[in-house]
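So the structure is just underneath, and the comments pick up after that.
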Protein chains: 2
Amino acid sequence: MSTISTENYLKKIFNHNKAFGEKINAVKLAQELSVSNAAISDMAKKLSKHGLISYEKYKGIELTDKGEQMALNVIRRHRLWELFLIKVLDIPWSEVHEQAEVLEHHTSDKLIDRIDEFLGFPDFDPHGHPIPRKNGSLPDAQNYVTLAEAAEGSSYELMQVDDHEKKLISYLTKVGFVLNTRFVVIDKLDFDKSYTIKFNDTVLSVSQKISESLYLQEIIEAGEKND
Amino acid sequence: MSTISTENYLKKIFNHNKAFGEKINAVKLAQELSVSNAAISDMAKKLSKHGLISYEKYKGIELTDKGEQMALNVIRRHRLWELFLIKVLDIPWSEVHEQAEVLEHHTSDKLIDRIDEFLGFPDFDPHGHPIPRKNGSLPDAQNYVTLAEAAEGSSYELMQVDDHEKKLISYLTKVGFVLNTRFVVIDKLDFDKSYTIKFNDTVLSVSQKISESLYLQEIIEAGEKND
DNA sequence: ATATTTTTTTAAGTATGCTTGAATTCATAA
DNA sequence: TTATGAATTCAAGCATACTTAAAAAAATAT
């Protein structure tokens, strides 16, 4: 009971729960996976039968411990591959996600553990997301803020970008706004909730939508205090 | 029309032709792929329709140019992965084949070209087999002899081992008879066609069956001539 | 409480790639 | 030339994972 499809279902269920702190409902899951509601109904039955999810209809879908372990394993494979492809093979940031999306389903435990070791047992992937460990535990998530929550005048470092929008990452790379870039928030436009930021010699206007996908760490200047 | 199944069919058809210099017949192909004759019948129709093979019934199956290019591509991916897994990730020789057997079907051109470049565009895989190039050409095959053809008293270097028998490779590794080991043929036993060889401080008896899977290069001592 | 809307399930159908067993086609040996 | 056996194909069926359309069940609104 571990096919590409089931792994993708488990991953989505896990990620939704992680992001929103609540069970995903069936219709939402169908949308996320781009399949019909009937397909969810089918698959939910199978996953339940195998003890991977618990599903109360009209209430939502949740992973069991067993299902969660499987999801963490897929995510582990995905994130280790992403890091490996970028760090070792120097694959462009914008292409790494879709390659990993395939490889995550075709990598034995032995191979992924070797990759893990090769990389020095890293805690975070190139998007800043925590990499589940071999034993299923997760490194503490980093508490970044999004640009949408940033304060005018403050300095930040770009730590993480949602990785599901390939085009976003291509765009950011093109304009030179890559991971670990330090910048200042120059302006916050109430009119359209866009942000103007400055890094190196570039001034960039960032739309509201994009600002919600950029995760930052505030840079506290020497001399400042924050307690 | 490029699924895991079709890729495996094309690979088998190609390899048979390469090894025996003749078309593979349908019954043989069924045995090699561990499927029924009916399955071959089905698939042969599909592959023909897509212009990948030419099949005259009762005569055998042959790749078209298009089919051969696809086969070479799969083999390229397989052999590059094998080399990468051994050289970069230090995966045991005995496990590399089955990992590559999976990855060969799930690797984009971009990724495999990066791996190729990373390895310095190698000509041969860890078994000594030529790696098809990006343009579909094959490096000249090496003309090794098998141990079964070796001469008593002569010295050889182990260059290549048939990679489809995982257990053979495990065994050879265990006894220390690995790639590039140099040895002398001490004895050729007519009785069971076994060979006794000596490398480092080990004397090893090699059965006839195994001797046919070991590919060697003769070592011409300094001072000797061979013309 | 009833009507409406949303959610969920069922039913029938599709594609791939197999299976088995029966029928058919072809090659060849007597 | 015909019988035999081998090679090939057909027919029906299975599993996975979908689809659409219709039916049923539950939630929500009036």
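Since we're looking at a predicted model, the values are computed, not measured. Lettering of chains follows the sequences in order, A, B, ..., and the numbering in each one begins at 1.
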When you measure from the side chain of R77(B) to the backbone N and O of H105(B), does any donor-acceptor pair fall under 3.5 Å? no
How close or far is atom P of dA17(D) from atom NE2 of H50(A), stated in whole angstroms? 10 Å
Is the distance from OP1 or OP2 of dG17(C) to the nearest side-chain N or O of K46(B) less than 4.0 Å? yes
Test side chain to side chain donor-acceptor pair (under 3.5 Å) applied to H127(A) and E82(A), step by step: CA-CA 9 Å; H127(A) 301 280; E82(A) 281 207 347; 2.9 Å; yes
Please assess E149(B) against T146(B) for the test side chain to side chain donor-acceptor pair (under 3.5 Å), listing each intermediate value before the final yes or no. CA-CA 5 Å; E149(B) 302 156 317; T146(B) 67; 3.2 Å; yes
Can you check the I24(A) CD1 to dT7(C) P distance for me, whole Å? 13 Å
One thing to verify: whether K28(A) and E22(A) come together as a salt bridge, which I'm taking to mean a side-chain N less than 4.0 angstrom from a carboxylate O. no
Gap between atoms NZ and P, on K49(A) and dA17(D) respectively (whole Å): 11 Å
In whole Å, what is the span from the CD1 atom of I61(B) to the P atom of dA7(D)? 13 Å
Please tabulate, one pair per line, each protein N/O and nucleotide N/O from nucleotides 8-12 of chain C that are separated by under 3.5 Å, including the distance.
unit_1: dT8(C); atom_1: OP1; unit_2: Y58(A); atom_2: N; d: 2.8
unit_1: dT9(C); atom_1: OP2; unit_2: S41(A); atom_2: OG; d: 2.7
unit_1: dT9(C); atom_1: O5'; unit_2: S41(A); atom_2: OG; d: 3.4
unit_1: dT10(C); atom_1: OP2; unit_2: K45(A); atom_2: NZ; d: 2.9

Under 4.0 angstrom, heavy atoms only, what part of the nucleic acid is T6(A) near: base, sugar-phosphate, or nothing? nothing
Under 3.5 Å: donor-acceptor pair, side chain of Y55(A), backbone of K45(A): no
Atom NZ of K28(A) and atom P of dT6(C) are separated, to the nearest Å, by 17 Å
Dot-bracket, 5' to 3', for DNA chain C please: Watson-Crick or G-U pairs under 3.5 Å, [ ] where pairs cross earlier ones, | where the partner sits on another strand, dots elsewhere. ||||||||||||||||||||||||||||||
Residue-phosphate contact under 4.0 Å: T3(B) side-chain N/O, dG17(C) OP1/OP2: yes
In whole angstrom, what separates M1(A)'s CE from dA17(D)'s C1'? 11 Å
Please report the distance, rounded to the nearest Å, between CD1 in I4(A) and P in dA17(D). 9 Å
Non-neighbouring partners of S207(B) that pass side chain to side chain donor-acceptor pair (under 3.5 Å), sequence neighbours left out: none
Using a heavy-atom cut-off of 4.0 Å across all strands, would you classify S36(B) as base, sugar-phosphate, or nothing? base
Are any of the side-chain nitrogens in D109(B) or R76(B) under 4.0 Å away from the carboxylate oxygens of its partner? no
Side-chain N or O of S5(A) less than 4.0 angstrom from OP1 or OP2 on dC18(D)? yes
Decide yes or no on side chain to side chain donor-acceptor pair (under 3.5 Å) for D125(B) and H78(B), but give the supporting numbers first. CA-CA 9 Å; D125(B) 80 1; H78(B) 182 100; 5.9 Å; no
Is it true that E101(A) and K11(A) have a side-chain N and a carboxylate O under 4.0 angstrom from each other? yes
